[in-house]
Structures are given as C-alpha cells and as structure tokens.
Chemist: 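Got a structure for you, written out below as structure tokens; questions coming shortly.
Note that the structure is a prediction, hence the values are computed from the model and not measured. Because only heavy atoms are used, hydrogens play no part in the values below, and waters and symmetry mates are left out as well, while side chains stay in.
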Amino acid sequence: MKKLARTVAAFVSAAALTLMGTASAMSDMLGQPAAVNAVDTNNDDWLHAEGSRLYDMNGNEVWLTGANWFGFNCGERFPHGLWSADVDQLLSAVADRGINLLRLPMATELLMDWQEGVDDSSMISINPKNDDGYKFNPDFCRPDGSCMSSLEIFDVIMAKCKKYGIKILIDIHSPALHNSGHNYNLWYYNEGAGSYDSMAVTDSGNGEPVTSEMWKDTLVWLADRYKNDDTLIAYDLKNEPHGKGQEGSAGAKWDGSKDENNWAWAATDCALAMLEKNPNALILIEGVEQYPKEGHKWGEPDSLTNPPYYPGWWGGQFRGVREYPIDLGKYQNKLVYSPHDYGPGVYAQTWFDKDFTEQTLLDDYWYDTWAFINEEDIAPLLIGEWGGFMDGGKNEQWLTILREYMIKNHINHTFWCLNPNSGDTGGLLDYSFSQWDEDKYDLFEPSLWQTQTSGKYISLDHQVALGKNGISLNDFYGNYAKTEGSNLDGGKTSEGNPVDSTDPAPTEPDVKPTAPPDPTETTEGKTNPIVTTVSSTNGGSGVTLIGDANLDGKVTIADSTAILQSLGNPDKYGLSEQGAANADCCDPGDGVRPSDALAIQKLDAKLLNKLPEFTK
C-alpha cells in the first residue's frame with residue numbers, strides 16, 4: 001500500500017509540475033483549467049562566477065537582490081502566510097516590488113518525504129477552495145478539490161515565480177521540520193549538540209535522527225529533479241552552521257580534516273555530488289560561527305581573558321577560506337560564499353559598542369571575517385540574511401550602512417524576511433501577508449537591482465519582466481545598459497549581449513543515454529530519468545527514440561513539457577519534424593496530443609514500464 005501511495009503521489013506531482021509549467025493544452029482532458037501559463041522554459045538563465053561577480057551565459061553581469069520567505073522548514077510544511085494570502089497576489093506583489101530572487105528555507109526532513117513520495121496533503125492547513133461560490137488559493141486544489149501536498153505546492157510556487165520573473169534559491173534551514181530548527185548547530189543529528197533533539201529527529205523528535213547521508217542524498221535528489229528548470233538557480237547547502245570551539249564535535253568547524261563536523265569538507269563533498277546532477281546550478285556555502293586564532297585549535301576550552309577563537313554571527317565566519325578554501329574543481333565557477341550579518345537589534349556584538357561606521361565595521365569585523373572574499377576577488381558573496389526592526393537608532397543605522405556597502409561593492413543579498421513572524425527582526429509584510437511595511441521597504445528598496453534613472457527593476461530572466469514595474473534581462477542589456485546603466489558601480493554603462501532565446505540552451509554535459517533499469521529492480525523513491533531504447537518499430541515511421549520530443553537522447557519529464565508547450569504555443573515552441581515523430585508515443589499514428597505528454601509522465605512515475613502506450 002505504501003509503494004502504491006508513493007507512486008500515485010509521484011505521478012500527481014509530476015502532472016502538477018508539467019501543467020503549471022506549460023500552456024493549458026491538457027486542461028480540457030483533465031477538466032481543470034491550468035492555473036499558470038508559465039513562460040521562458042528555455043533553460044537560458046543559469047549563472048556562473050568570474051572572480052567576485054556573477055554573469056549570465058553571454059557574459060552579462062547580474063545582481064541577485066532578493067528576500068527570504070520561510071515556512072517549508074517549519075511544522076506547517078508550506079511558506080507562512082498562505083493561510084490568509086493568495087499565492088498569486090503575494091508573488092505578483094513581490095515581483096512588482098523588485099525582488100528578483102526568493103530564498104526559501106526548507107528542512108531535510110521535508111525533502112526526505114518528497115524523495116520517498118509521501119503524500120502529506122492531510123498535514124497542510126491552507127484549506128484552499130475552488131468552488132463556484134468561493135475561491136481561496138484555488139491553485140493549491142487538486143482536480144477533486146482536495147488540498148495539494150507540500151511538493152505540489154512548491155511546484156505551483158515555482159511556476160508562479162517563473163510567470164512573474166522571480167528566481168528561487170533553496171536553503172536547507174534545519175535537519176528536521178521545526179519552527180526553531182535553525183538553532184541546531186549541525187546539518188545532522190549529534191547527541192552532544194544540545195537538548196534540541198526534535199530539531200534533528202524527524203516526526204517531532206519521535207522518528208529517526210537525520211544523518212549526514214540523508215542531508216546529502218536529499219540535496220542531490222533535489223538538484224537532479226529540477227536540473228532542467230532554471231527557475232531554481234541556486235542551493236544554499238545549510239543555514240548557519242554554528243557551535244563554539246569548546247563544543248568540539250558537537251559544533252561546526254572549518255578546517256582541512258574529513259571529520260563529520262567539518263563544514264568545509266561536508267559542503268564540498270555535497271556540492272560536487274549535486275553538480276554532477278546539475279552542473280548549471282550555483283552552490284552557496286555559508287561559514288561557521290568561530291575560527292581558532294593563531295596557535296590554537298578547535299576543541300580548546302574558552303577563556304574570558306584570552307579567547308582562543310575569533311567570534312562571528314552564525315554562518316558568518318569565513319576566516320577559514322584563507323587557509324582552507326572550498327575547491328570545486330571544474331565546477332569552481334559555481335561557488336558563491338554566503339555570510340549572514342545582523343545588527344545590534346539581534347545581538348549586541350562588541351563591534352557595535354562604539355559610534356560605528358562602515359570603516360569601523362570593516363576594521364572590527366567585516367573585512368577579515370567575510371568582506372575580503374569580495375574585495376580580493378576570490379569569489380562572489382551573497383549575504384543570505386540581513387534585516388531587522390526599524391528602531392530609529394543603532395539597528396537602523398547598521399541596516400543603512402550595510403545596504404550602502406552592498407550596493408557599492410556589488411554584493412548579492414536576500415533580505416530577512418517577508419514574514420512578519422520573525423521574532424527578532426520582523427518582516428516586510430504585516431500579519432495579513434498582504435500589506436507592506438512601507439518604512440522598512442523604503443530602506444530596503446535602494447538595494448534592489450534597477451535601472452539608474454528610470455528605476456525599472458531588473459529580472460534575472462532573459463525573457464520575463466520582473467512584475468509590472470520591471471524589465472527582463474534581455475531588455476536591460478538590449479535597451480538600458482548602454483544608455484543609463486543600473487544602480488551598480490555608480491551607474492556605469494556597458495555594451496550588453498542579449499541572449500538569443502529562440503532555442504533551448506543545453507542544460508547538462510553531452511552524455512550517452514544510459515541503459516534502462518532492470519524491470520525487476522526496485523526504483524521506489526528514485527527520480528532518475530527513465531531512458532528508453534525502444535527502436536523505431538515500436539512507434540511510427542521515422543522514430544529514432546520514442547518519447548524523445550526534445551531530441552536530447554533520453555525520455556524525461558522535459559519531453560512531456562516540450563509536447564504541451566508545442567500544443568499550447570506552436571509558433572514559439574513547435575517541435576521539429578523528428579521531435580514530433582518521436583513525441584507520438586500514445587496510440588502511435590494519431591498525431592501529437594496531450595495524451596502523449598501524459599504517457600511520458602506515467603513512464604516517469606513508473607506507472608508505465610515502456611513506451612509506446614496503447615489505449616485503444
């Protein structure tokens with residue numbers, strides 16, 4: 001029964017993802033209108049690093065300026081606020097306000113459920129409705145009117161972000177689903193890491209401890225699942241690894257060992273495995289909390305008179321990069337270091353004890369802790385969390401100083417946060433999740449990427465404008481970069497090179513199709529592409545690989561998407577003659593129809609063993 005439930009859940013999720021990502025070609029067949037008509041599925045928005053800056057595939061410089069929206073990391077299993085706010089209205093407002101990137105915190109436990117096909121819809125408390133007389137978040141309703149699972153909800157959010165020109169960054173916030181799980185030191189359970197077992201043990205502390213292997217395996221699975229969707233452009237491998245030096249193996253350290261609690265080694269190992277699945281994604285690696293001073297080592301007892309460790313914010317200490325830099329080999333241009341930084345409103349650190357300025361913050365903390373990475377052109381930075389209350393005093397002073405420093409130095413960032421229910425910072429939204437704190441937004445807004453004089457917000461998507469007040473990346477580099485520039489580098493202008501998005505960009509290295517799985521092999525919980533080697537005699541004449549609509553040498557959900565796009569918008573997404581011949585995989589001979597896309601989804605969900613499918 002469990003296997004059947006997982007299979008059905010996987011199929012529903014795959015179908016939901018495809019429907020949300022394409023035109024409504026399948027809506028008539030399912031009797032349900034497609035919720036989103038997403039655009040730009042060309043996979044041409046992947047980014048890479050050169051020195052301390054990020055660029056698109058044509059070498060155009062970009063700036064990631066976003067905000068956090070938490071909830072997938074919590075017991076609710078969905079982004080907070082969707083119990084009262086409509087997801088389409090909320091995300092359209094996010095885009096209209098100029099936020100080009102959303103950092104979505106998640107828990108390893110949730111990814112474990114997704115990987116295993118667990119249908120958690122009964123745990124979701126959004127209560128969506130799609131009745132004729134009353135509608136509330138109807139995008140989260142399945143065709144029978146019931147609520148979607150958390151994975152289906154995530155796929156809807158992905159499609160909405162694609163629609164409005166917003167990119168997504170996934171952050172692994174905690175091992176277990178827990179509303180305070182960020183307090184746990186490590187990315188895995190350690191019996192010495194404090195009395196917070198429920199933050200690293202599934203099922204509210206009653207299940208299994210989250211291991212390093214689970215953390216890595218779920219991230220690799222996630223990277224593989226979304227490798228052909230450039231809406232999800234980056235992964236932050238673990239939020240705020242921390243722990244003090246005297247905690248020893250119960251705290252996150254940064255050194256040259258292969259100890260389990262060595263964050264630098266664990267992050268490198270995980271990143272390389274993910275990049276083998278999706279070599280296009282950016283990998284964000286945070287710091288730790290403390291680093292040993294010269295002549296000292298991790299595990300020494302603390303001292304009030306002669307502390308052996310340099311302090312830092314959780315996840316904000318990068319002194320180890322000088323001695324033990326992250327080495328991703330051939331994927332080095334996918335590395336982004338991601339410190340967190342806060343003001344005195346969160347904690348009264350010693351560097352706030354004076355009338356601080358940008359220079360004193362650099363001298364006392366910023367430069368040697370993380371700013372040197374940008375200044376010395378080692379790698380890009382993305383400050384994953386910064387924010388706080390508007391106090392009219394020191395905290396607001398710090399917010400303004402950091403904002404201006406990031407603008408001057410082209411530092412990417414995601415503000416903490418949209419949510420009003422962050423206890424030590426508050427948020428950009430009120431508790432209805434529909435009204436904005438205008439004073440806080442006014443402080444934040446200058447740090448959003450925008451044209452220098454006309455103030456148009458710039459999308460990271462080459463084709464889709466960022467909301468109603470924005471422009472696409474191609475529009476910026478085609479029409480604005482050489483005339484007015486943007487709010488980076490003092491409005492410096494440049495000659496842009498817009499990306500030709502007529503044809504999909506390659507999304508992975510040229511590899512030969514692998515052999516199909518043994519029919520007797522258990523593939524439960526896996527989402528590796530099902531590659532079929534059926535000969536042309538199993539389909540119509542001229543078929544080279546039945547189901548391979550996009551002609552990439554294998555059959556995956558991407559082929560289902562290509563079919564539905566071609567049906568919904570044939571002028572833009574029409575299949576080639578060969579692609580159309582391959583696509584006719586359900587009742588071959590009747591032409592390309594939505595049922596062909598559905599057959600591929602069934603194959604991916606393992607409801608079919610092979611193609612073609614015969615229904616007549």
Chemist: Might you work through the ring pair (Phe, Tyr, Trp, His ring centres under 6.0 Å) test for W449 and Y457, ending with a clear yes or no?
Modeler: CA-CA 6 Å; W449 194 22; Y457 301 122; over 10 Å; no

Chemist: So, D461 versus Y164: side-chain donor-acceptor pair below 3.5 Å or not?
Modeler: no

Chemist: Atom OH in Y441, atom CG in L428: separation rounded to 0.5 Å?
Modeler: 9.0 Å

Chemist: Could you tell me if N130 and R142 have a donor-acceptor pair between their side chains, going purely by distance under 3.5 Å?
Modeler: no

Chemist: Less than 3.5 Å apart, any donor N or O on the side chain of S422 or W416 sitting next to an acceptor on the other?
Modeler: yes

Chemist: Taking only Lys NZ, Arg NE, NH1 and NH2, and the carboxylate oxygens of Asp or Glu, determine whether K227 and D224 approach each other closer than 4.0 Å.
Modeler: yes

Chemist: Is R97 salt-bridged to E445, cutoff N-O under 4.0 Å?
Modeler: no

Chemist: Would you call D139 and K160 a salt bridge, using N to O less than 4.0 angstrom?
Modeler: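 Salt bridge: yes.
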
Chemist: Is a side-chain donor or acceptor of E109 paired with a backbone partner of D203 at a separation under 3.5 angstrom?
Modeler: yes

Chemist: Output yes when a side-chain donor or acceptor of Q450 lies under 3.5 Å from a complementary backbone atom of L448, and no otherwise.
Modeler: yes

Chemist: Looking only at the side chains, is there a donor atom on one of Q89 and S92 sitting less than 3.5 Å from an acceptor on the other?
Modeler: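 No - no donor-acceptor pair under 3.5 Å links their side chains.
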
Chemist: Flag yes if more than 12 heavy atoms outside K468 fall under 6.0 Å of its NZ atom; otherwise flag no.
Modeler: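 Result for NZ/K468: open.
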
Chemist: Is it the case that atom CG in D132 sees more than 12 heavy atoms from other parts of the structure closer than 6.0 Å?
Modeler: no

Chemist: Decide whether D120 and S150 meet the rule of one side-chain donor and one side-chain acceptor closer than 3.5 Å.
Modeler: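 Result is yes, a qualifying pair exists.
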
Chemist: Is there a donor-acceptor contact under 3.5 Å linking the side chains of S432 and D430?
Modeler: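 On atom types as modelled, these side chains qualify, holding a pair under 3.5 Å.
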
Chemist: Please give me the minimum heavy-atom distance between F433 and P420, naming the atom from each residue.
Modeler: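 Scanning both residues completely, I find the closest heavy atoms to be CZ-CD, 3.2 Å.
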
Chemist: Check each of F72, W69, F70 against H80 using the ring-ring contact (aromatic ring centres under 6.0 Å, His included) test, and report the only one that passes.
Modeler: F70

Chemist: Check this for me, if you would: do D171 and K238 make a salt bridge, where the nitrogen-to-carboxylate-oxygen distance has to be below 4.0 angstrom?
Modeler: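 Judged by the 4.0 Å cut-off on N to carboxylate O distance, D171 and K238 do not form a salt bridge.
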
Chemist: Using only atom types and a distance under 3.5 Å, with no angle test, would you say the side chain of T414 pairs donor to acceptor with the backbone of G384?
Modeler: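 Yes, because the side chain of T414 sits within donor-acceptor range (under 3.5 Å) of the backbone of G384.
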
Chemist: List the atom of K554, the atom of D552, and the distance in Å for their closest heavy-atom pair.
Modeler: O-OD1, 2.9 Å

Chemist: Any donor and acceptor pair, going by atom type alone, linking the side chain of D548 with main-chain N or O of L545 inside 3.5 Å?
Modeler: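 No, because the side chain of D548 does not come within donor-acceptor range (under 3.5 Å) of the backbone of L545.
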
Chemist: For the side chain of S459 and the backbone of G165, is there at least one donor-acceptor N/O pair under 3.5 Å apart?
Modeler: yes

Chemist: Establish, from distance only, whether the side-chain atoms of K162 and T231 form a donor-acceptor pair under 3.5 Å.
Modeler: yes

Chemist: Backbone N or O of D44 within a donor-acceptor pair of the D230 side chain at under 3.5 Å?
Modeler: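 Present.
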
Chemist: Do D119 and S121 have a side chain donor and acceptor closer than 3.5 Å?
Modeler: yes

Chemist: Say you draw a straight line from CG of L473 to CD1 of I471; how long is it, rounded to the nearest 0.5 Å?
Modeler: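 Between L473 CG and I471 CD1, I get 8.5 Å after rounding to 0.5 Å.
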
Chemist: Determine whether a donor-acceptor pair (N or O, by modelled atom type, separation under 3.5 Å) exists between the side chain of N43 and the backbone of N228.
Modeler: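 The answer is yes, because a donor-acceptor pair under 3.5 Å joins these two groups.
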
Chemist: Between D475 (side chain only) and V464 (backbone N and O only), is there a donor and an acceptor less than 3.5 Å apart?
Modeler: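 No, D475 side chain to V464 backbone: no donor-acceptor pair under 3.5 Å.
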
Chemist: Keeping the roles fixed (side chain from T425, backbone from G387), state whether a donor-acceptor pair exists under 3.5 Å.
Modeler: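 Not at all, since once roles are kept as given, no pair shorter than 3.5 Å links the two residues.
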
Chemist: Indicate yes or no: does D88 engage K163 in a salt bridge with an N to O separation below 4.0 Å.
Modeler: yes

Chemist: Report yes or no: does H413 contribute a side-chain atom to a donor-acceptor pair with the main-chain N or O of S447 at less than 3.5 Å?
Modeler: yes

Chemist: Answer yes if the side chains of Q463 and D45 hold a donor-acceptor pair under 3.5 Å, and no otherwise.
Modeler: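 Per modelled atom types, Q463 and D45 side chains form no pair under 3.5 Å.
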
